[in-house]
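Letters A, B, ... are given to chains in the order of the sequence lines, protein chains preceding strands, and every chain is numbered from 1.
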Amino acid sequence: MEYIFSEIEKKWQEYWRENHTFKVTEDPSKPKYYVLDMFPYPSGAGLHVGHPLGYIASDIYSRFKKLKGFNVLHPMGYDAFGLPAEQYAIQTGQHPSITTENNIRRYREQMDKIGFSYDWSREVRTCDPDYYKWTQWVFIQLFRHWFNNRSGKAEPIEALVWEFEKNGNSNVDAAQDSCEKFSAAQWEKMSEKDQQLVLLKYRLAYLADTMVNWCPKLGTVLANDEVKDGYSERGGYPVEQKEMKQWLLRVTAYADRLVDGLDKLEWNDSLKEMQRNWIGRSEGAVIRFNLYPSAGTPEDTPIIEVFTTRPDTIFGCTYMVLAPEHELVEKITTPQYKNQVRSYLEETKKRTERERMADTKTITGQFTGAHAKHPFSDEKLPVWISDYVLAGYGTGAIMAVPAHDGRDYAFAKHFDLPVREVVSGGDISQGSYDAKSGILINSEFLNGLEVEGAIKKAIAELEKCGNGYKKINYRLRDAIFSRQRYWGEPFPVYYKDGIPYVLDEDELPLVLPEVESYLPTQKGEPPLGRAKNWNTPEGYPLELSTMPGFAGSSAYYLRYMDPDNDQELVSKKANRYWENVDLYIGGTEHATGHLIYSRFWNKFLYDTGVVCKDEPFKKLVNQGMIQGRSNFVYRIKGSNKFVSHRLKDSYNVTPLHVDVNIVHNDILDIESFRKWNPEYSDAEFILEEDGTYRCGYAVEKMSKSLYNVVNPDEIIEQYGADTLRLYEMFLGPLEQSKPWDTNGIEGVYKFLRKLWKLFFNEKNELDISDEKPTTGELKILHKTIKKIEEDIERLSLNTSVSAFMICVNELGAMKCNKREILSRLVVIVSPFAPHISEELWQLLGNNPSVTGASFPEVNPVFLSDDTIQYPVSFNGKTRLKIDFPADYEKEDIEKELLKNENVLKYLKDGTPRKIIVVKGRIVNIVV
RNA sequence: GCGGAUGUGGCGGAAUUGGUAGACGCGCUAGACUUAGGAUCUAGUGCCGCAAGGCGUGGGGGUUCGAGUCCCUUCAUCCGCACCA
């Protein structure tokens, strides 16, 4: 029998489908394990060879866990709302659901061919009303909750109303926008509308005027993580700042828990660090500076509040700076400086956000004429404005300490402002001393203290005199949740008298309406403005925005636990059983978007008792990117003549990308090349001595335009899915980026055929022996079982593939065809190459399927050898290898060594100064 | 600038705790069988050298009987953040 992968793979994929092999249900008799892939956005281009890398790894892990006796949840679905389908709809008029449906079908076909063990009965699609009903449901819950800073968790808004009725809001410590204090009596007197406006400031999903990232080309706002360097991540269009009324989610309320929670997670350090940076918690103090009254400014001079992480350097403050956008700028500028300030403001406004970010070297600023009063020394501090201070961070104002902050130093030098050293340890004539260590000087009551102590003391003194307080500040902003687009979840929100109200849960799902065009209306409303009867039954208008991409992906892992439940997002029973994701595999591009938002949603759902775990993803692994390996041909300039790689340097050539699919081992298939592009049909070639045309290569992004895209379908067509799976793993460590080079695939293909051949004799007949295996055979087997088990556990799947190769090579050399050996080998291979394993498992006479087998136990008896080969080194350099019985002690070995003539040869005449014997490992002789 | 990661043959990579550097595979070289083929099998393959031997994990230094692995320093590449007070 030949190894005909196409028949075998088809056969078993059908078997799995017909027998629902991968369907799982909650089974309390078994321990659970939840393995999740980041679900894909089904794009029109289909999967290339890089996409399934993570899916294959997680599939191997899932199949392995199942063999180890776990009840494994391993689902897949689609992140199906999104911009590309909608952009396509705008261009062609085709409804995005059709595009999406087609793309999903293609993805599914491609995935099915790879032989994944997904339980497709649990599939979710974010654009399915039965699914987004629950996205809308969570939104309603967010709307109905506020965050109590005292308890550190979300609480129902009713409780807040009750407190307002009893005591007003003075005892409430909530995560919220600034809200004026009111008493119970004042609350009672407010109109329904005013009460709602107050509550809106407390809700976890709230409507507010905010500066947003507006992308005119896409006609929508974007979240911070969807903007890269001032351009939209999708499409690369310019993004500008604009004030708009938008829905926001109060992620900032959870900032602390999001940072602290990271410590308990098994995520890699760089990812945790990215999240910490994104959240950007810094501990410091808010300090209030009174202004000295100056001629021409109002009597009730305002107070400037600054945020600083270095309150210890307060006596080093020699001036102050406000962001140009700061609300006090207008108020405090003295008449004398009005004109200069105005022209400075105009100039900064002209520079785009991007220019301001890119150009950090040019120092600009303008004195306002105002002076602030130092809270301790009463010193007069000039107040400047400059765009090096950001309006969006802290309070938009700083106390400048040029001696201990690089930017302040540069500014002070530029405008010739005083620099006063207050922490010893640096040389302030050369530059600022920013380090957080040293002894305080020139600082009155702080003198002599270390920085750490001085920070505490300074805050205590500020609090005592009422000029400041301790404060933790975050870089993280609340997430803007409105998109002025069509292809997304409609908000379950209607407006009464301009005030937003949410629908009742039993009115869900609020289904996305049909529109005749996907463009904004003439009034500039989002596309939903075109929908007919977009009102509640009572006639109240519904929200016109839709939700962003991260809405549907924020709780999808919960829905897989209980996908058909139409009463709850997830039942308590299912959630208690599956708890949370044990292993999550996906790309690093979601580090600050999806992975923050879903942690936030999960924590909220945990607070409200919907889920039992406060973190969604216990262990997370980022698979590396698969890069393309491009091939080049070299055309002699001004001709249609191509010169081979090694000869190209003697000609004046232009390198041109050539389709990697018509190049094998860097040798060009000239016939295919001629057919590839009519332009080359009569091309001429200057060949190598051996008559071949050699191409050059480079590692680049895998992209259509570079002709280096390799599709899994083509590989499967040629080598089969098992080979694809093995080769993707064999390429290198899962987390590392590496180039795809189809050239190497023959190696794993040969391995599979060698494995197959172990079962057949020379005449190609099935030939399995029931004889007892030899110790040698058992040693090979058990060594491999141990290695594979350890490798899979730490996701070192590239090394398991080589372990299999070694094992099969060794068994092949022994012509081993013992059932006891082969049947266990098939089981351990099955997570990697499931199709061939199923076939061999059946040929061994077992009932299908191998997925029901158990992972074989390692017998330690077969792991140890009677003799150990010791490498013997002299002064650390290995010279010879000598066998000693495994039970020999150090002394025995030493004795024998000195008798060994080879050793004596290396010793020459001298006696060894020292002999180091590490039992079972090595001998080192010092001479 | 800050933070993180990575540097090992012609190539992808291995070496899990400081203990034989280069496993496994590709490629290459030679040979065998051959309906000269992008098939299969066998042997070889880090570098220098005819050899003995020497050198070798980005560079330099250190700790150690012994360093790819630990420490210091430096360079390069990639990724993230970036005037964050």
Proximity to the side chain of [X] - top-ranked nucleotide from [options]:
{"X": "A/Trp278", "options": "B/U20, B/C81, B/C83", "value": "B/C81"}
{"X": "A/Ile922", "options": "B/U20, B/U40, B/A85", "value": "B/U20"}
{"X": "A/Ser282", "options": "B/G13, B/A85, B/C11", "value": "B/A85"}
{"X": "A/Asp669", "options": "B/G80, B/G38, B/A85", "value": "B/G38"}
{"X": "A/Arg794", "options": "B/G38, B/U16, B/C83", "value": "B/U16"}
{"X": "A/Lys914", "options": "B/G13, B/C11, B/C65", "value": "B/C65"}

Strictly below 4.0 Å, heavy-atom distances to any atom of RNA chain B: list the hits from residues 314-323 of chain A, or just say none.
none
Output, in order, the C-alpha distance, side-chain angles, deciding distance and verdict of salt bridge (charged side-chain N to carboxylate O under 4.0 Å, His left out) for A/Arg276 and A/Asp263.
CA-CA 11 Å; A/Arg276 283 195 195 100; A/Asp263 296 336; 3.3 Å; yes
What pairs of nitrogen or oxygen atoms, one from the protein and one from nucleotides 71-77 of chain B, lie under 3.5 Å apart?
none

Under 3.5 Å for both donor-acceptor distances, Watson-Crick or wobble: does B/U63 have a partner, and if so which one?
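Paired with B/U63, as far as the under-3.5 Å criterion goes, is no nucleotide at all.
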[X] has an atom [atom1]; how far is it from atom [atom2] of [N], in whole Å?
{"X": "A/Lys272", "N": "B/A5", "atom1": "NZ", "atom2": "C1'", "value": "16 Å"}
{"X": "A/Leu731", "N": "B/G12", "atom1": "CG", "atom2": "C1'", "value": "7 Å"}
{"X": "A/Met274", "N": "B/G4", "atom1": "CE", "atom2": "P", "value": "12 Å"}
{"X": "A/Ile882", "N": "B/G19", "atom1": "CD1", "atom2": "P", "value": "21 Å"}
{"X": "A/Glu273", "N": "B/G3", "atom1": "CD", "atom2": "C1'", "value": "6 Å"}
{"X": "A/Asn924", "N": "B/C65", "atom1": "CG", "atom2": "P", "value": "10 Å"}
{"X": "A/Asp791", "N": "B/A14", "atom1": "CG", "atom2": "P", "value": "11 Å"}
{"X": "A/Tyr474", "N": "B/C81", "atom1": "OH", "atom2": "P", "value": "21 Å"}

Would you indicate, yes or no, if B/A82 has its OP1 or OP2 atom less than 4.0 angstrom from a side-chain nitrogen or oxygen of A/Arg475?
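Yes, because at least one side-chain N or O of A/Arg475 sits under 4.0 Å from OP1 or OP2 of B/A82.
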OP1 or OP2 of B/G13 less than 4.0 angstrom from a side-chain nitrogen or oxygen of A/Gln736, does that happen here?
yes
Using the ring of A/Trp278 (Phe, Tyr or Trp, six-membered ring only), decide whether A/Arg475 places NZ or CZ under 6.0 Å from its centre and within 45 degrees of its axis.
yes
Identify whether NZ of Lys or CZ of Arg in A/Arg281 sits under 6.0 Å from the centre of the six-membered ring of A/Tyr474 and within 45° of that ring's axis.
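Not satisfied by the 6.0 Å and 45° rule.
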Scan [X] against the nucleic acid and name what it touches under 4.0 Å (heavy atoms): base, sugar-phosphate only, or nothing.
{"X": "A/Glu790", "result": "base"}
{"X": "A/Val926", "result": "sugar-phosphate"}
{"X": "A/Arg281", "result": "nothing"}
{"X": "A/Lys787", "result": "base"}

Does the gap between the ring centers of [X] and [Y] come in under 6.0 Å?
{"X": "A/Tyr727", "Y": "A/Trp740", "value": "yes"}
{"X": "A/Tyr388", "Y": "A/Phe411", "value": "yes"}
{"X": "A/Tyr409", "Y": "A/His404", "value": "no"}

Checking one value: the base orientation of B/A14, syn if chi is within 90 degrees of 0, otherwise anti.
anti
By the rule that syn is within 90° of 0, classify the base conformation of B/G9 as syn or anti.
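B/G9: syn.
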Apply the side-chain contact (heavy atoms from CB on, under 4.5 Å) test between A/Cys807 and each candidate in A/Val829, A/Ile828, A/Leu825, A/Ile788; give the one that qualifies.
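Among A/Val829, A/Ile828, A/Leu825, A/Ile788, the one meeting side-chain contact (heavy atoms from CB on, under 4.5 Å) with A/Cys807 is A/Leu825.
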By side chain to side chain contact (heavy atoms under 4.5 Å, CB included), A/Lys754 pairs with (sequence neighbours left out) A/Val808, A/Asn809
With sequence neighbours left out, the residues meeting side chain to side chain contact (heavy atoms under 4.5 Å, CB included) with A/Glu891 are A/Glu889
Can you name the residues that form a ring pair (Phe, Tyr, Trp, His ring centres under 6.0 Å) with A/Tyr719, not counting sequence neighbours?
A/Tyr749
Within the supplied structure, the quantity of interest is the number of heavy atoms (other residues, nucleotides, ligands) at a distance under 6.0 Å from A/Met814 CE; does it exceed 12?
yes
Check this for me: A/Glu717, atom CD, are more than 12 non-hydrogen atoms of other residues, nucleotides or ligands nearer than 6.0 Å?
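Incorrect, the count does not exceed 12.
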Given A/Lys786, which of A/Glu790, A/Glu789, A/His782 fulfils the side-chain hydrogen bond (donor to acceptor under 3.5 Å, both in side chains) condition?
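Answer to the side-chain hydrogen bond (donor to acceptor under 3.5 Å, both in side chains) test with A/Lys786 among A/Glu790, A/Glu789, A/His782: A/Glu790.
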Sugar-phosphate atoms are those with a prime plus P, OP1 and OP2; base atoms are the rest. Using that split, label each nucleotide of nucleotides 23-35 of chain B B, S or - for protein heavy atoms under 4.0 Å, 5' to 3'.
BBSSS--------
